[in-house]
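Every chain is numbered from 1, with letters handed out A, B, ... down the list of sequences.
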Amino acid sequence: MLDVRDLSVSFASAAGRVQALRHVDLAVVRGAIMGIVGESGSGKSTLIGAATRLLPENADISGAVQFDGEDLLALKSAALRALRGRRIAMVFQDPMTALNPVLSIGQQMTDIQYRDRLSATDKRDRAAAMLSRVGIPDAAARLSRHPHEFSGGMRQRIAIAMALLGNPDLLIADEPTTALDVTMEAQIIHLLRLLRKDFHGSILFVSHNLGLIAELCDDVTILYAGEVMEQAPVRNILLQPRHPYTRALLDCDPARIPGMARILPTIGGEVPNLVSPPPGCVFAPRCQMASDICLTPPPAHRVGLGHVARCHKVGP
Amino acid sequence: MVTAGRFSPRRLLAGDWTRPVGGLLVLALIICAIGGDALAPYSPFKMALGIRFSNPSWAHWLGTDQLGRDILSRMIVGARFALFLGLSATGISVIGGVLLGLIAGFGPRWLDAMLLVIFDTTYSFPVVMLALAVITLLGPDLGTVLLIIVIVTIPRYARLIRTSTQSIRVAEFIVAERSLGARPARILLRHVLPNVIGPLLILASMDIPGVITLEAGLSFLGLGVPPPAPSWGRMLSEGYNYIRDTPWIVVGGSLPLILTTLGFTFLGEGLRDALDPRLRRGR
Amino acid sequence: MSALLEVKGLGVRYDAPRILPFAARHGVDAVLDVSFDILAGSTFALVGESGSGKSTLGRAVMGLAPFRAGQIKIAGAAMPSGGDASLVLWRRQMAMMFQDAIASLSPRLTVRSLVTEPFDIHGFRQGLRARDREAECRRLLALVGLPADFAERYPHQLSGGQARRVGVARALALSPRLIIADEPTAGLDVSVQGEILNLLRRLQDELGLTYLLISHNLAVVRHVSDRMAIMYMGRFVEMGDTAEIYADPAHPYTHGLLAAQPEIDPDKRREDVELMGEVPSLAARPSGCEFHTRCPRAQPLCTEQAPDDRNIGQRVARCHFPLVS
Ligand SMILES: Nc1ncnc2c1ncn2[C@@H]1O[C@H](COP(=O)(O)OP(=O)(O)OP(=O)(O)O)[C@@H](O)[C@H]1O
Ligand SMILES: Nc1ncnc2c1ncn2[C@@H]1O[C@H](COP(=O)(O)OP(=O)(O)OP(=O)(O)O)[C@@H](O)[C@H]1O
Ligand SMILES: [Mg+2]
Ligand SMILES: [Mg+2]
């Protein structure tokens, strides 16, 4: 469905070029849920921005992004707009950014169907049906409400409903639950799993919460400092991680440490400066296993079915 | 200044070409204001009725006015009055505006409501009516003109400070300071003021030429500082009477006004950058 | 060990602004009838959904929230009533780390001014000369593991984790006994989160600090707290030993919260969600037990009669039908 090849993105900044993404490959198959995991600043949002061509002016993109066989990077802006919101839909971290505060949600949900030749009542009915599908009780009556009359979790449900109205082939969710409570988060994830049963598109799900990835995703891409470290089906990533970074990340998660640990494990060191990333493997400066060979770019080793790790130390 | 130590003078002039030009223009104004008497080729008051309305020449670069006074000299010496008026009126307004704005923004609600009514009433009062009323009461002199200008500008400054104070008083870092035990005065002076004063200083520095023009407007209506003091405003209004035959007289009043406006505006932008650490470069 | 902080029957109410001068006062009770003790040198955690009153409770202890009922004591001394000026000494004994680390640092001050500011506030200005200030600044930065050259930076030049460290340094300046840490790891990556928590732990061991820790993150609370309380709509619904509560939650709400945490195991995907719906409005509290609208085990009694605190072993739970007895 979505095929990203050798994607690099850099931003012009006062301190030099920030190389936010370097040589990223990523493929999302139809109907699958791909999770993207990485620390803050690892380039998750940049990746999504490049895939939807929504990056700021100062970005410089190279590589290829294909969506259902079409080259997104070469597409004219009119064709791109036709694609966005219809075949590709997005859900953001803060649902308030996607909703217009001064329009009722019914208004917004009918406006978004402007391409469909339906009567106004049909559009409203569709909107109400979609709202009840995402678990908003009494949906028809609530169409006349404004976004601020809903709680954060409800708003995120509405944002998801709006994204699904166009029946997209690809749904992109950038940390859709970070602003919510665990109870809400569990409900939203549950909703996405339910929706998946009759929604046949793919989902690109960005998060730094490994628990959510485990709950929802089929495949996972681990991003660090703008590079892909490891890509594999979710069971492999969580149960048999191969890359030292993936392991360190899993080890740090307090949810995975049983009992009461007085001292929590950390990775140590600092995230590299993306203006001048270290040569060779970007993780080497913080890696326990690093040796001289890590100063050269690591190869992508296939270590299992659909399981790739970019590390010198995992080779056969 | 409260932000002393954090203010970076180098940033004031760094930037594109407008900053140095602004600096030069303001510097020229200051030099004229201080050394005007020595710089001016003639006394600005010396009348020579024989050479009224003479065209620009080597002897009189900008010609002479209706009383035969050298326009260039009047323009140079006029800088002193203009700068004095601009700085003092703006300075007093800034101090008054900051005080009233902080009180309104940080003080109890009823005080805020009362001050707001006062600000809005004065602000909506027509300037000329106000000027007429005050001049009738106090007579036309420098102090009166100053008072009028201050009354007219204070409400705008105070409202600006009040609004930003209100938005900042609930900011997390203000609560953090309170949690450390800081007293209200300290919070106001050290944490609120530096964060609200920047926009006001920029506004005020750009207002200085406006104040000078306001005085010019009052002079034009005969409400300004009485003659023979060389004021650009009055040169402009007097020259206006003869603009069809001798247009250069208004040049003596308008050219310095335009240059002063440009100078202070450019410098105001530099001030904004210099005051805001977020605009400074580097990590 | 004796109790450092004692809170009895605390209630905090936020009044809504009145539209007409003589209209009845409306308001919400953000904290209601809360009592607890924190032993010196221990960590007490507060968890609960957003809006349950955790930050308000923390602020009330510092004298930063309008409190309506109850009593707060530190080492036996009661909190003085009055404004900021009368609370100066009270606030010296404790310090707060704020939820939004960067926003809680005054944006135009350098890290040096920020960390030495508590000395100025408490009148050490004459006693603390420039050289001592510099030394204090270095000592505090070293204590929280920041290089000395960070003293020149401004808040906007700090990362989330670094800003938290500055927050800790500021909190430690006057050697407080109690630290109220409001979401000290919100928005941080797991690795940086571990660093901050380890730092807090080390400081507790070295300086004997007592913490009131407020957190959304149940996994974090499990590792770092000795005792904990679960808040719902401003009340404590359960309070007790952290390990005991995790092993055997007594209140259905606690059970639901713990079950809502995802397991990091693709083979243990949950088929259903235990806690549905959301918190009712504080302005329209449900009758009887306030949790009955979401409780999977609610009985007719729960809608009619509010439960009292029940002691279950070392624990207190506010439920008619607790899960353990
Ligand atoms: N417009 C921009 N100009 C310059 N640098 C940028 C820009 N946008 C992002 N960056 C930099 O690119 C890097 C990747 O940013 P990105 O927002 O993709 O990270 P992220 O993984 O989404 O992080 P988070 O989890 O915090 O959302 C960061 O170092 C960021 O500072
Ligand atoms: N200054 C205020 N004025 C009026 N209501 C307030 C104020 N501060 C908080 N509240 C209300 O009090 C309740 C408790 O808020 P509080 O900030 O203590 O919650 P919290 O548990 O810390 O939530 P979070 O996890 O989102 O930080 C909320 O309903 C909130 O809307
Ligand atoms: Mg992002
Ligand atoms: Mg809070």
Student: With C:R139, which residues qualify under salt bridge (Lys or Arg N to Asp or Glu O under 4.0 Å), at least two apart?
Tutor: C:E136
Student: Compare every heavy atom of C:S106 with every heavy atom of B:H191, then report the nearest pair and how far apart it is.
Tutor: ND1-OG, 2.8 Å
Student: If you look at every heavy atom in C:V88 and B:G181, which pair is closest and at what distance?
Tutor: CG2-O, 3.5 Å
Student: Taking atom CG of B:N195 and atom CG of C:L109, what is their separation to the nearest 0.5 Å?
Tutor: 8.0 Å
Student: What do the steps show when you test C:S113 against B:R190 for side chain to side chain contact (heavy atoms under 4.5 Å, CB included), and what is the final call?
Tutor: CA-CA 11 Å; C:S113 314; B:R190 195 165 157 84; 3.6 Å; yes
Student: Measure across B:R183 and C:I121 and return the closest heavy-atom pair with its distance rounded to 0.1 Å.
Tutor: NH1-O, 3.8 Å
Student: Between C:F98 and B:S179, is there a side-chain heavy-atom distance shorter than 4.5 Å?
Tutor: yes
Student: Can you say whether B:A171 sits under 4.5 Å from chain C via the side chain, the backbone, both, or neither, judging by heavy atoms?
Tutor: neither
Student: Measure B:R178 against the heavy atoms of chain C and call it side chain, backbone, both or neither at under 4.5 Å.
Tutor: both
Student: At a 4.5 Å cut-off on heavy atoms, which part of C:L87 comes close to chain B: side chain, backbone, both, or neither?
Tutor: neither
Student: Just wondering, more than 12 heavy atoms not from B:Y123 lying within 6.0 Å of its OH?
Tutor: no
Student: Locate the shortest heavy-atom distance separating C:S104 from B:A176; write the atom from each residue and the value.
Tutor: O-CB, 3.5 Å
Student: Using heavy-atom distances under 4.5 Å, tell me whether C:R59 contacts chain B through its side chain, its backbone, both, or neither.
Tutor: side chain
Student: Please, which pairs that meet side chain to side chain donor-acceptor pair (under 3.5 Å) have at least one residue in residues 173-183 of chain C, sequence neighbours excluded?
Tutor: C:S55-C:D182, C:Q93-C:R177, C:E183-C:H216
Student: List the steps, then state whether salt bridge (Lys or Arg N to Asp or Glu O under 4.0 Å) holds for B:E177 with C:R91.
Tutor: CA-CA 11 Å; B:E177 294 302 325; C:R91 288 178 184 159; over 6 Å; no
Student: Counting heavy-atom pairs closer than 4.5 Å to chain B, which one of C:Q99, C:M96, C:E117, C:M97 comes out on top?
Tutor: C:E117
Student: Give, as side chain, backbone, both or neither, the part of C:A95 having an atom under 4.5 angstrom from any heavy atom of chain B.
Tutor: neither
